[in-house]
Structure formats: structure tokens, C-alpha cells
Peer 1: 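Okay, handing you the structure first.
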Amino acid sequence: MELTSEEVSKRLDQKGYLDLEIPEGLDLVSAIKQLKKEKKAVLLAHYYQEAEIQELADYLGDSLYLAQAAEKVAADMIVFAGVHFMAETAKIINPTKKVILPDLNAGCSLADSCPPHDFKKFIDQYPGAHVVTYINCSAEIKALSSIVCTSSNALRVIDSIPEGETIIFAPDKNLGRYLIKQTGRDMILWDGSCIVHEAFSFERIVTLAKENPTAKFIAHPESESQVLDIAHYIGSTSGLLNFVEKDSAHSFIVATEAGILHEMKKRCPEKTFIPAPVEDETCACSECAFMKLNTLEKLYLCLEHEQPEVKLSESLIEKAKLPITRMLKLG
Ligand code: 13P
Ligand code: SF4
């Protein structure tokens, strides 16, 4: 049954993604490749996506790399296989492009933990403070910021702020605490966190490390302090990848979203990667449910219909762009 464009939009408004029928027996991988070519669309994907989506990406990387890639896209359309704040960032820094996201419900617990109205009241208590925000936040929060950072360049960003100045860091308190330790700078922290990285179990990691004495333990800085304190290496997703490639160890216990293991195994097929255990033994909590909302089916439909589209007002783009541009200048 062929649907009119109004019917398609109605279904999209209700669900946030397209749930249309896909021709039976369609080879989704070939169809997506074909649609990318036909529509001159560039696919940006994060390491937390399903392996099959990562394999289709024109640019695969961490938040910083994807923001840098989005800035340079010359094609008319960006299809973002990641979460909403990442697609929003692409739209802000390259606003003339059509940015589509397979499922608008692909949010982020960190971004959700920082509502703009409350954040505005919070920062208003500290006039003159530098407001540094982790890229995992909404466009509205970016618009209230002095500078944005990612886990790849957070230290560089903090170091760019003159000594003695007041710094507010939001929304991730775990990354914030880590940065305070690393830089020795005092910072006012917003109380946000990532449900995926807070689910790791310190006790179970210690037990696993004892069972695997030659394995190195590596972690993303969104993890809790107790977990970070025992890590051999702490870094962004690209930092973790570089570390496992260069380090002489043959096995690693990895505390970040499990999607990263695909690229780790690809780059180092002779090494062993063990996902760090979570508190709840019965659930796959190290998977980000938001990231995993993107599927091959939704990616295909999104390219086919060029929807759902990420739309932002011009004034919001203008306000949110400056702190991102400041970050991109620092690299
Ligand atoms: P990276 O920038 O390290 O890829 O982190 C993205 C993210 O969402 C971590 O949870
Ligand atoms: Fe957000 Fe955490 Fe998912 Fe990253 S892993 S997108 S921080 S909820």
C-alpha cells in the first residue's frame, strides 16, 4: 500500500521514526549503499552503533571526529547514525545541509539530565563563570555555554581557560570529577550522568581483573570515580581504540558501551576484549539503548524518505554555534 506524504508525516509525528513496510527479501545493505549514492548522502556513525551500521559509514568515529567530519561535509545530506545531540551538532555547524536521523527518540541520559530552564537558573548564580559543556547536551544548553568539549579534547579545553577563573562544567559529573583531578582546577559541577557508564560494577570488575591478571583495564571517563581509579588507561572511544592498538598487552577489560568492541576486534584481531561487567547480571546494561534504536531498517527508510529530519531555529543555531566553533578551533 502506497502512503501519501501526509500519511508518512503523520506516522512520523506519532512515533519519531518511520515504521513503513520494507519490500520482502530486500538486501538492506545494498539498498542503503544505493540510496546513499543516489541521494548524495554522507553517513556519519558513532562507534556505539550496531556493527552492520558501522560498516556502512563514510565517517566512523567519536563525538569530536564526527563533529569535525560534519563541518566538512560538502554533500547535500548528512544521515547521522548516532544519538540526537550528535545530529543536532552536525546541523548547527553545517546548517545548510539536510540532517536526518533514523530515530528521533535516540536521546541520551546525560543530555536529558540537564534541562535548559534549570541549567539557566544554575549558571545565573555564578555571573562571569566560564560555562564548559560536554557535547552530550541539547542545542539549548550549548547556546548557554562559553565553550563545548568532548572527552577527546576536554583537558585541552579546560587548559585554554585562564587560571583563577570560575569554571562551571556540565552535564557529566563523572567526567567533571576526572577533569578536576587531572587539571587541579576547581570546577562547579552539574549533577548529571550516563546510565550506561554508571552501570559498571566496581566489585565485579575487580573480580574479573583477578581472573585475568594479564588483562589491562580501560575505561571511558563517564564511568564513576571508583572505576576510573583502577583503570590502566582512561579515554574517549577513539582514545581507547588507539590505546589497545599501541599497547603491548594482549587482553583488555573494556568499560564503555559494547559497540566499541567491533572496531577493537577489527583493528586488533589477535587481541582479546572483555566487556566490563555491570551491576545487574541479568541485563545488557553496557549497551546504550538510545544508540541501539537505530537499525538497518530505520536507516534504510530514513534515507528513502529523507525523514526524520533534525530541524532547529536559525536563532538557536546561531547561539549554539559559537561555543562549538571555539572548541573546533582548539582541535
Ligand atoms: P566519545 O566522544 O568518547 O565517543 O563518547 C560519546 C559518548 O556518548 C560516550 O558515552
Ligand atoms: Fe548518552 Fe551514555 Fe548513550 Fe553516550 S552511552 S549516548 S552518554 S546515554
Side-chain angles (χ1 to χ4, degrees), residues 44-50 53-54 57 59-70 80-90 101-114 132-138 141-142 148-157 169-176 178-179 190-200 218-224 227-228 231 233-244 254-264 275-276 278 283-294 324 327-328 330-331:
L44 270 57
H46 189 265
Y47 292 124
Y48 295 166
Q49 292 295 287
E50 296 290 0
I53 295 181
Q54 293 189 39
Y59 296 91
L60 171 69
D62 69 356
S63 309
L64 177 63
Y65 175 79
L66 294 174
Q68 290 164 333
F80 215 113
V83 288
H84 195 267
F85 77 80
M86 295 179 174
E88 247 183 11
T89 305
L101 177 69
D103 189 335
L104 290 178
N105 303 302
C108 166
S109 62
L110 255 175
D112 291 348
S113 70
C114 196
V132 182
T133 51
Y134 188 35
I135 198 163
N136 298 36
C137 65
S138 66
I141 297 295
K142 289 184 175 82
V148 168
C149 72
T150 75
S151 46
S152 276
N153 62 13
L155 285 171
R156 210 161 35 245
V157 167
F169 186 84
D172 189 16
K173 63 176 179 204
N174 292 314
L175 175 61
Y178 169 71
L179 292 170
W190 178 262
D191 187 14
S193 59
C194 159
I195 41 169
V196 179
H197 288 83
E198 285 216 322
F200 292 117
I218 59 173
H220 195 281
E222 285 172 23
S223 311
E224 290 177 317
V227 168
L228 295 180
Y233 175 78
I234 298 162
S236 66
T237 51
S238 57
L240 297 172
L241 275 162
N242 291 337
F243 182 79
V244 300
V254 184
T256 194
E257 211 270 357
I260 191 85
L261 299 186
H262 174 66
E263 184 65 16
M264 285 184 172
V278 293
C283 92
C285 305
S286 63
E287 292 223 325
C288 173
F290 300 111
M291 285 276 181
K292 271 20 186 208
L293 283 176
N294 296 323
I324 304 175
M327 169 191 82
L328 291 172
L330 285 178

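Bear in mind that the values here come from a model prediction, so they are computed numbers and not experimental data. When a ligand or atom number is given, it counts from 1 through the structure's own listing order.
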Peer 1: What do you reckon, does E257 put a non-hydrogen atom under 4.0 Å from ligand 2?
Peer 2: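 Per 4.0 Å heavy-atom rule, E257 does not contact ligand 2.
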Peer 1: May I ask you to check if ligand 1 and D62 share an N or O to N or O distance below 3.5 Å?
Peer 2: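 There is no such contact.
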Peer 1: Which residue and non-hydrogen atom of the protein lie closest to atom 2 (Fe) of ligand 2, and at what distance in Å?
Peer 2: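 That would be C194 SG, 2.3 Å.
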Peer 1: Indicate, as side chain, backbone, both or neither, the part of Y48 found under 4.0 angstrom from ligand 1 when only non-hydrogen atoms are considered.
Peer 2: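 It is the side chain that touches ligand 1; the backbone stays farther off.
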Peer 1: Is L110 in contact with ligand 2, taking contact as a heavy-atom separation below 4.0 Å?
Peer 2: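 So L110 counts as touching ligand 2.
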Peer 1: Provide, to 0.1 Å, the distance between atom 5 (O) of ligand 1 and the closest protein heavy atom, together with that atom's residue and name.
Peer 2: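 Of the protein heavy atoms, H220 NE2, 3.3 Å lies nearest.
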Peer 1: Considering only heavy atoms of S236, which atoms of ligand 1 have at least one such atom less than 4.0 Å away?
Peer 2: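 Listed by number with element: 3 (O).
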Peer 1: Report the nearest protein non-hydrogen atom to atom 1 (Fe) of ligand 2: residue, atom name, distance rounded to 0.1 Å.
Peer 2: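 For atom 1 (Fe) of ligand 2, the nearest protein heavy atom comes out as C108 SG, 2.4 Å.
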Peer 1: Under a 4.0 Å heavy-atom limit, does T237 contact ligand 1 with its side chain, its backbone, both, or neither?
Peer 2: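 Under 4.0 Å from ligand 1, T237 contributes backbone and side-chain atoms.
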Peer 1: What's the separation between atom CG in D103 and atom CG in L293, rounded to the nearest 0.5 Å?
Peer 2: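 One finds 5.0 Å between CG of D103 and CG of L293.
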Peer 1: Relative to each other, are the rings of Y233 and F243 parallel, tilted or perpendicular (30° and 60° limits)?
Peer 2: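 Judged by the thresholds at 30° and 60°, the geometry between Y233 and F243 is parallel.
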Peer 1: Return the closest protein heavy atom for atom 3 (Fe) of ligand 2 as residue, atom name and distance.
Peer 2: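 The answer is C288 SG, 2.4 Å.
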Peer 1: For atom 6 (C) of ligand 1, state which one of S63, S152, G239 supplies the nearest heavy atom.
Peer 2: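 Among S63, S152, G239, the closest heavy atom to atom 6 (C) of ligand 1 comes from S63.
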Peer 1: List every atom of ligand 1 that sits less than 4.0 Å from any heavy atom of E222, numbering the atoms from 1 in the order shown and giving each element.
Peer 2: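 So the atoms of ligand 1 that pass are 7 (C), 9 (C), 10 (O).
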Peer 1: Could you list which atoms of ligand 1 come closer than 4.0 Å to a heavy atom of S151?
Peer 2: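 It comes down to these atoms of ligand 1: 1 (P), 2 (O), 3 (O).
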Peer 1: With atoms numbered from 1 as shown, which atoms in ligand 1 lie under 4.0 angstrom from a non-hydrogen atom of N136?
Peer 2: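 That gives atoms 7 (C), 8 (O) of ligand 1.
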